[in-house]
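Here's the structure, in C-alpha cells; my notes come after.
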Amino acid sequence: MGTKAVDESAETSETGAEAEVDLKKSEAAGEAERADAAVTADADADEAGKSEAAVTADADADADADVDEDDLDDEFEGTAADDAASSAGVGQGAGAVVAAALGVVGLSGGWLGTVASARESLMGQLKTSQGASVAQQVEQVYGDSWKTTALVGGLFALAALVVGVGVLLRPAFGDPGRTQAPWIKSVAWAGVALGVIGLVLAIAKYTNIILGLPSTS
C-alpha cells in the first residue's frame with residue numbers, strides 16, 4: 001500500500017516536470033518567433049527607409065537637373081540677347097563714324113572732287129575756241145570746274161546727312177526700349193551737322209551765291 005502511493009507520487013512529479021519543461025519550451029519558441037518577427041520588421045523598415053531615401057534622392061537629382069537646365073537655358077538666352085545687342089551697337093557706332101567722315105569729306109571735297117574738278121577744267125580748255133571771249137573762257141575753264149567740286153562735295157554731304165539720320169532713328173525701328181550709347185548719338189549728330197553745313201555750302205557755291213565768278217566786263 002505504501003509502495004503504491006510512492007509510485008503514484010513519483011509519476012505525478014515526473015508528469016509535472018515534463019509539463020513544466022514543455023511549457024518552458026513553448027515559451028522559448030514563442031520568444032524566438034517574436035524575436036524573428038521583430039528582426040523581420042526592422043529589416044522591412046530599413047528597406048522601406050532606404051527605398052524612400054533612394055526615391056527622395058532621385059527626385060532631388062531630377063529637380064536639380066531641371067533647375068540646371070533652366071539656368072542654362074536662361075543663361076543661353078541672356079547671352080544671345082547680349083550678343084545681338086552688342087552687334088546692333090557695333091553697327092550703329094560704325095554708321096555714326098561713317099556719317100561724320102562723309103561730312104568732313106563733303107566740306108573738303110576730297111580727292112574725288114579734286115580729280116573731277118581738274119577733269120572738268122581740262123575739258124573746258126579743250127572746248128574753248130581761240131576766238132572765245134574772256135567770259136566764255138572763264139566760265140568753261142574755271143566756272144564749270146568749281147561747280148563740279150561743289151557738286152561732288154554736296155553729294156558727300158547729302159550721304160553724311162542720310163547716314164547720320166538713319167543711325168539716330170535706328171533704335172525706333174529695332175528695339176525702342178534699348179538706350180543708344182551716348183557716344184553713338186554724339187558722333188551721329190556731328191555727321192548730321194557736317195552734312196547740313198556741307199550741303200548748304202555746296203548749293204550756295206553751285207548757284208554762285210557765294211564765291212561767284214569774277215566779272216570780266
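Predicted model, so just to flag it, every value in this text is computed and none were measured.
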Between [X] and [Y], is there shared hydrophobic-cluster membership here, with clusters defined by ILVMFWY side-chain heavy atoms closer than 4.5 Å?
| X | Y | result |
| --- | --- | --- |
| Val104 | Leu107 | yes |
| Trp111 | Leu155 | no |
| Val152 | Val98 | yes |
| Leu112 | Val105 | yes |

- Shortest non-hydrogen contact from Thr148 to Asp144? OG1-O, 2.8 Å

- List the atom of Gly153, the atom of Ala202, and the distance in Å for their closest heavy-atom pair. C-CB, 4.4 Å

Enumerate, atom names and distances included, each donor-acceptor pair closer than 3.5 Å involving a side-chain atom of residues 182-198, sequence neighbours excluded.
residue	atom	partner	partner atom	Å
Ser186	OG	Pro182	O	3.0

- Query: Which residue pairs pass the side-chain hydrogen bond (donor to acceptor under 3.5 Å, both in side chains) test with at least one member in residues 114-123, sequence neighbours excluded?
  - Reply: Ser117-Ser145, Ser117-Thr149

- Item | From Leu199, Val200, Leu201, residue fulfilling side chain to side chain contact (heavy atoms under 4.5 Å, CB included) relative to Ile203 | Leu199

